[in-house]
Amino acid sequence: MGVFVFLPLVLPLTAWPVARLAEQHLHPRTATRLLTVMAAVLALCSTVCLGLVMVVGTAQLPGNPLPDGWSDPEVRAAVPYDEVVGKAAIPALCAVLVACCRTLWRHARVRRQAHRALIGLPETEVAVLPDGAPYAYALPGGRRGAGASRDGAPRGAAGRRVRAADRRRPAAAARGRRRGRVVVTTALLDRLRPAERRALFAHERVHLAARHDRFLLTVQLAARANPFLRPLHTAVTYTAERWADEEAAREIGSRRTVARAIGTAALVSGGTPAPAFPGLAAPGPVPRRVAALLGPAPVVHRWPPVFTSVGLAAWAAAAGTAVSAMSSANSAVTMVLILHAATPL
């Protein structure tokens, strides 16, 4: 393996230029998908290589449960500076796993709490909460809890009261799945004009239809796995909102109305109780979003032109991602062969 086992840990640096340039020069849909795929691959490769180095470090610890042959000089020679980096990889990988598990747990908890807050409201696409705090967000669907009825209410008397309505609901609800919903408070609706409300609903529907929550969760986990991927997390958070902005403007036919709705929501909103989900007034560079909507619509490209700054950055990032994948695959195969040869029969 040699030094190639360390390459996936630093190759995410090759994606930094495209993370910045994609925000400015690519269509938001293209940028979101491109950066998310790169972040996922780079994070997976760096985690695999960190695990390989950790195996060598664990084999050197006294009393470890690994085979004795895994601490032989032939195995240790596969990783440069094995005594230092091997032991350092143990807490590093543990920190990555804890951070990723904590992110998944918090995401699931916020999602459950958000669905629980809608108990008792009509099963409509738009859920209006009687709240004095102005906010809105797109709440993705998912499986219902074992202790909840099909309307989200607890089983028992409340559940029996809605059985007739349940029989008239779509098949997805009958299979025990929650539908994605747009959540908005009365306080925010009171501050928006009718046209701005249509822009709000169109924006949030795009988040639900395109499953932007999955993109955001993927890049968040990638940033937890490798801190060098944080710029991609920041970029995807912005481009996902821009994607919804552009689609909403196309649907209602007025870019200025969407820009005005974003500005109004950002001015009156103090954040949402569900920060894990995308929303019209999500924290971030709102002035840049408004300025982009006041300009012409971006041109859609499957891949940026080669002889441009963003094209060169994209090819450099793609090359870094490919090298990372090949390095991690080569290191994994080499380590398996070395450990198999060192394992006594």
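- Atom CH2 of Trp303 has more than 12 heavy atoms from other residues, nucleotides or ligands within 6.0 Å.
- Under the 4.5 Å side-chain heavy-atom criterion for Ile, Leu, Val, Met, Phe, Trp and Tyr, Val219 and Leu21 are members of the same hydrophobic cluster.
- Heavy atoms from other residues, nucleotides or ligands lying under 6.0 Å from CZ of Arg193 number 12 at most.
- Residue pairs satisfying the side chain to side chain donor-acceptor pair (under 3.5 Å) criterion with at least one member in residues 24-41, sequence neighbours excluded, are listed as follows: Arg29-Glu247, Thr32-Thr239.
- When each of Thr218, Leu34, Leu216 is tested with Val236 by the rule side-chain contact (heavy atoms from CB on, under 4.5 Å), just one qualifies, namely Leu216.
- The environment of Arg230 atom CZ is sparse: at most 12 non-hydrogen atoms of other residues, nucleotides or ligands sit within 6.0 angstrom.
- In this structure, CG on Leu7 lies 11.0 Å from SG on Cys45, to the nearest 0.5 angstrom.
- Linking ILVMFWY residues whenever their side-chain heavy atoms come closer than 4.5 Å, directly or via other members, leaves Leu312 and Leu35 in distinct clusters.
- Distance CZ/Arg260 to CG/Leu294: 10.0 Å, rounded to 0.5 Å.
- Minimum interatomic distance between Pro8 and Val5 (heavy atoms only, all atoms of both residues): CD-O, 3.7 Å.
- In this structure, Phe215 and Ala210 approach most closely via the heavy-atom pair CE1-O, 3.4 Å.
- By the 4.0 Å N-to-carboxylate-O rule, Glu246 lies too far from Arg250 to be salt-bridged with it.
- No donor-acceptor distance shorter than 3.5 angstrom exists from the side chain of Arg224 to the backbone of Cys100, with no hydrogens or angles considered.
- For the pair Glu23 and Pro285, the minimum side-chain heavy-atom distance is 4.5 Å or more.
- Checked by atom type and distance alone, the side chain of Ser327 never pairs as donor or acceptor with a backbone atom of Ser324 at under 3.5 Å.
- Panel note: side chain Asp213, backbone Leu139; no donor-acceptor pair is recorded below 3.5 Å.
- Few gaps surround CZ on Phe201; more than 12 heavy atoms of other groups in view lie less than 6.0 Å from it.
- For the atom pair CG (Leu11) and CG (Leu229), the distance works out to 10.5 Å, reported to the nearest 0.5 Å.
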Legend entry - Derivation of the side-chain contact (heavy atoms from CB on, under 4.5 Å) call for Leu129 and Leu121: CA-CA 8 Å; Leu129 289 175; Leu121 296 178; 3.4 Å; yes
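- Of the inter-residue distances, the one linking Glu241 atom CD with Arg288 atom CZ reads 12.5 Å to the nearest 0.5 angstrom.
- Residue Leu221 belongs to a hydrophobic cluster whose other members are Leu104, Leu217, with links defined by side-chain heavy atoms closer than 4.5 Å.
- Exactly one residue among His207, His203, His212 makes a ring-ring contact (aromatic ring centres under 6.0 Å, His included) with Trp243. That residue is His212.
- Between Asn226 and Pro12, the shortest heavy-atom contact is ND2-CG, 3.6 Å.
- Closest non-hydrogen pair, Arg255 versus Pro296, comes out as NH2-O, 3.6 Å.
- A side-chain contact (heavy atoms from CB on, under 4.5 Å) with Thr185 holds for exactly one of Leu188, Val183, Leu189; it is Leu188.
- The distance from atom CG of Leu232 to atom CH2 of Trp16, rounded to the nearest 0.5 Å, is 10.0 Å.
- Remark: side-chain polar atoms of Arg191 are paired, donor with acceptor, to backbone N or O of Ala187 under 3.5 angstrom.
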Inset, instruction - Could you walk me through whether Val258 and Ile262 pass the side-chain contact (heavy atoms from CB on, under 4.5 Å) test, one step at a time? - result: CA-CA 6 Å; Val258 177; Ile262 293 172; 4.0 Å; yes
Inset, instruction - Please step through side-chain contact (heavy atoms from CB on, under 4.5 Å) for the pair Thr103 and Arg106, ending with a clear verdict. - result: CA-CA 5 Å; Thr103 298; Arg106 290 181 61 184; 6.0 Å; no
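- Judged by distance alone, with hydrogens and angles left aside, the side-chain atoms of Arg181 form a donor-acceptor pair with the main-chain N or O of Thr124 at under 3.5 Å.
- Hydrophobic clustering keeps Val37 apart from Leu42 (ILVMFWY residues linked when any side-chain heavy atoms are closer than 4.5 Å, directly or through intermediates).
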Inset, instruction - Mind running side-chain contact (heavy atoms from CB on, under 4.5 Å) on Leu293 and Arg242 for me, showing each step along the way? - result: CA-CA 9 Å; Leu293 284 168; Arg242 285 282 298 119; 4.2 Å; yes
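- Minimum heavy-atom separation, Val96 to Ala225: CG2-O, 3.5 Å.
- Judged purely by atom type and a 3.5 angstrom limit, Arg211 has no side-chain atom pairing as donor or acceptor with the backbone of Pro140.
- Two different hydrophobic clusters hold Val333 and Met326 under the rule that ILVMFWY side chains link at heavy-atom gaps under 4.5 Å.
- Residue pairs meeting the salt bridge (charged side-chain N to carboxylate O under 4.0 Å, His left out) criterion with at least one member in residues 48-57, sequence neighbours excluded, do not occur.
- A continuous path of hydrophobic side-chain contacts links Val306 to Leu26 [ILVMFWY only; heavy atoms under 4.5 Å].
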Inset, instruction - Could you go through the salt bridge (Lys or Arg N to Asp or Glu O under 4.0 Å) check for Arg179 and Glu123 one step at a time? - result: CA-CA 9 Å; Arg179 61 185 296 187; Glu123 280 280 351; 5.4 Å; no
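- The structure places CE of Met335 at 11.0 Å from CG of Asn330, a figure rounded to the nearest 0.5 Å.
- In plain terms, the two heavy atoms of Gly263 and Val290 that are nearest each other are N-CG2, 4.4 Å.
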